[in-house]
Amino acid sequence: MDKTKAIGHIAILGANIAFAVNIPIAKTLVGPEGIHPLAISFFRFTGAMICFWLVSLLLPREKVSKKDLIKLFFAGLCAVGINQVLFAVALEYTTPLDIALINTTGPIFTLLMATLIIKEPLTPLKGVGVGLGAVGAVWLALLSNSSEGAESGGVHTIGIILVAISVLAYAIYLTLFKDVINKYHPITLMKWMFTFAFVLTTPFFFPLVLKSDLGSKSPEFFFSLSYVVVFATFVAYLLIPISQKRLRPTVISMYIYIQPLIAGVVSIAVGMDVWHWSRVPAILLIFVGVYLVTQSKSKQDLRQT
């Protein structure tokens with residue numbers, strides 16, 4: 001493996017580890033002893049926005065047209081606003097392992113949106129993959145509903161639905177705003193997207209921060225919050241573009257499989273979750289579905305054959 005590809009593999013591995021560890025860590029920040037999940041989103045948006053603007057000062061200035069700023073506004077709404085807010089809210093409703101499992105359906109949602117929006121061909125392989133992944137996700141929701149009892153299980157299902165919508169929002173961003181993503185430097189994209197998310201949500205989220213009684217929180221709480229803001233948001237969003245410049249999309253998408261493994265091990269080890277063998281068939285359906293989707297040919301591939 002040459003040095004360029006090695007850097008790409010290290011970058012995407014680091015990003016997925018950061019995201020996976022973030023799920024159980026962020027879970028510890030919500031609930032009676034923590035803060036409102038939307039307050040967590042405020043800290044993520046604010047911290048990442050500041051970090052990306054500071055880094056941008058070290059780079060050549062890149063001018064963004066007014067037309068593209070409008071696109072970045074809606075891109076930030078999908079990729080940052082809806083995606084991260086629904087993830088934060090879902091932390092109150094379901095387990096870290098189930099969140100990580102639903103996150104793995106990202107490639108399925110992305111290619112499904114590509115079929116609907118930019119008319120990518122719906123090959124038989126892709127169709128089977130989307131179907132298997134959807135069945136696995138629904139099965140997982142039903143398992144949560146039955147294994148946790150009627151009331152608690154219903155709450156878990158709400159969490160799974162919220163995560164699925166958050167993944168769909170990110171898939172729409174990757175598909176609908178592909179032109180502006182390819183046009184600008186990643187730092188330029190992120191600083192504007194997080195800025196727009198910050199502006200949109202601050203009037204609603206900041207009052208929740210004021211009610212959070214941060215003065216009573218432990219050092220461990222602030223350590224966890226710092227991890228969520230710095231590593232799981234700023235650093236992870238920096239690493240992804242590094243890998244995108246060096247690896248094929250199908251290779252990058254395969255690394256998402258490590259998220260349930262890491263998030264599951266951590267959450268079970270600290271008592272946040274309990275392993276149920278009944279999850280295995282649903283997990284296999286999701287994983288096989290994602291694999292088939294990522295192996296299907298794109299429009300460009302079909303033109304070259």
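Note that the structure is a prediction, hence the values are computed from the model and not measured. Computed from heavy atoms alone, side chains included, the values below leave out hydrogens, waters and symmetry copies.
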Treat each ILVMFWY residue as a node, draw an edge where side-chain heavy atoms are under 4.5 Å apart, and state whether V55 and I50 are in one component. yes
F177: partners by ring-ring contact (aromatic ring centres under 6.0 Å, His included), with sequence neighbours left out: none
Rounded distance [0.5 Å steps], CD1 in I160 versus CG in D98: 4.5 Å
Quick one: OG on S226 to CD1 on I25, what's the gap to the nearest 0.5 Å? 10.5 Å
Could you report the tightest heavy-atom contact between G14 and L239, atom names first, then the distance? C-CD1, 3.9 Å
Do the side chains of K3 and I7 get nearer than 4.5 Å, heavy atoms only? yes
Would you name the heavy atoms of S41 and A88 that are closest together and state the gap between them? OG-CB, 3.5 Å
Do K71 and D179 come within less than 4.5 Å of each other through their side chains, counting heavy atoms only? yes
Scan residues 208-230 for pairs that pass salt bridge (Lys or Arg N to Asp or Glu O under 4.0 Å), counting only residues two or more places apart or in two chains. none
Go through the steps to decide whether F19 and I262 satisfy the test side-chain contact (heavy atoms from CB on, under 4.5 Å), and finish with yes or no. CA-CA 10 Å; F19 286 139; I262 296 174; over 6 Å; no
Under the side-chain contact (heavy atoms from CB on, under 4.5 Å) criterion, do L59 and H185 qualify, and how do the steps go? CA-CA 10 Å; L59 302 175; H185 191 281; 3.9 Å; yes
Taking side chain as C-beta onward, heavy atoms only, is Y93 less than 4.5 Å from L162? yes
Are the side chain of Y257 and the backbone N or O of F287 linked by a donor-acceptor pair below 3.5 Å? yes
I242 versus A11, closest heavy-atom pair with distance: CG2-CB, 3.8 Å
Tell me whether L284 shares a hydrophobic cluster with Y291, the cluster being built from Ile, Leu, Val, Met, Phe, Trp, Tyr side chains joined at under 4.5 Å. yes
Hey, does T95 have a side-chain heavy atom less than 4.5 Å from the side chain of I99? no
Please tabulate, for the side chains in residues 186-201, all donor-acceptor contacts under 3.5 angstrom to protein atoms that are two or more places apart in sequence or on a different chain.
unit_1: T188; atom_1: OG1; unit_2: E62; atom_2: OE1; d: 2.6
unit_1: T195; atom_1: OG1; unit_2: W53; atom_2: NE1; d: 2.7
unit_1: T195; atom_1: OG1; unit_2: K191; atom_2: O; d: 2.5
unit_1: T201; atom_1: OG1; unit_2: A197; atom_2: O; d: 2.7

Is N16 reaching over with its side chain to a backbone N or O of I12, donor-acceptor style, under 3.5 angstrom? yes
Do the side chains of I172 and L168 get nearer than 4.5 Å, heavy atoms only? yes
Nearest heavy atoms of G81 and F45, plus distance in Å: CA-CZ, 4.1 Å
Tell me the closest heavy-atom pair linking A15 and I240, and the distance in Å. CB-CG1, 3.9 Å
Hydrophobic cluster membership, with links at side-chain heavy-atom distances under 4.5 Å among I/L/V/M/F/W/Y: are Y170 and L116 in one? yes
Could you please spell out the steps behind the side-chain contact (heavy atoms from CB on, under 4.5 Å) verdict for V163 and L101? CA-CA 10 Å; V163 177; L101 287 169; over 6 Å; no
Taking CZ in F204 as the centre, count heavy atoms belonging to other residues, nucleotides or ligands within less than 6.0 Å. Is the count above 12? no
Minimal non-hydrogen separation, L285 against G136, with atom names: CB-CA, 3.8 Å
With side chain to side chain donor-acceptor pair (under 3.5 Å) as the test, would you mind laying out the steps for Y227 and N22 before giving the verdict? CA-CA 8 Å; Y227 175 87; N22 175 62; over 6 Å; no
ring-ring contact (aromatic ring centres under 6.0 Å, His included) partners for F221, two or more places apart: none
Quick one: do V80 and L86 end up in the same hydrophobic cluster if we chain Ile, Leu, Val, Met, Phe, Trp and Tyr together by side-chain heavy atoms under 4.5 Å apart? yes
Do V30 and H36 come within less than 4.5 Å of each other through their side chains, counting heavy atoms only? no
If I take atom CZ from residue F205 and atom CZ from residue F43, how far apart are they, to the nearest 0.5 angstrom? 12.5 Å
Enter the distance from I82:CD1 to F74:CZ here, rounded to the nearest 0.5 Å. 10.5 Å
Could you tell me which residues satisfy ring-ring contact (aromatic ring centres under 6.0 Å, His included) with F206, sequence neighbours excluded, listed by chain and number? F42
Under 3.5 Å donor-acceptor, S212 side chain and L208 backbone: yes
Hey, can you tell me if Y255 and H9 have their rings parallel, tilted or perpendicular (30° and 60° cut-offs)? tilted
Donor-acceptor pair, distance only, cut-off 3.5 Å: does the side chain of N182 make one with the backbone of K178? yes
If you measure from SG on C51 to CG on L238, what distance do you get to the nearest 0.5 Å? 9.0 Å
Pairwise side-chain contact, F87 with I23, heavy-atom cut-off 4.5 Å (strictly under): yes
List the atom pairs, with distances to 0.1 Å, where a side-chain N or O of residues 228-235 and a protein N or O form a donor-acceptor pair under 3.5 Å, not counting sequence neighbours.
unit_1: T233; atom_1: OG1; unit_2: R44; atom_2: NE; d: 2.7
unit_1: T233; atom_1: OG1; unit_2: R44; atom_2: NH2; d: 3.0
unit_1: T233; atom_1: OG1; unit_2: V228; atom_2: O; d: 2.7

Spacing of CG belonging to N83 relative to CG belonging to L77, to within rounding of 0.5 Å: 11.0 Å
Side-chain contact, heavy-atom cut-off 4.5 Å: L91 with P37? no
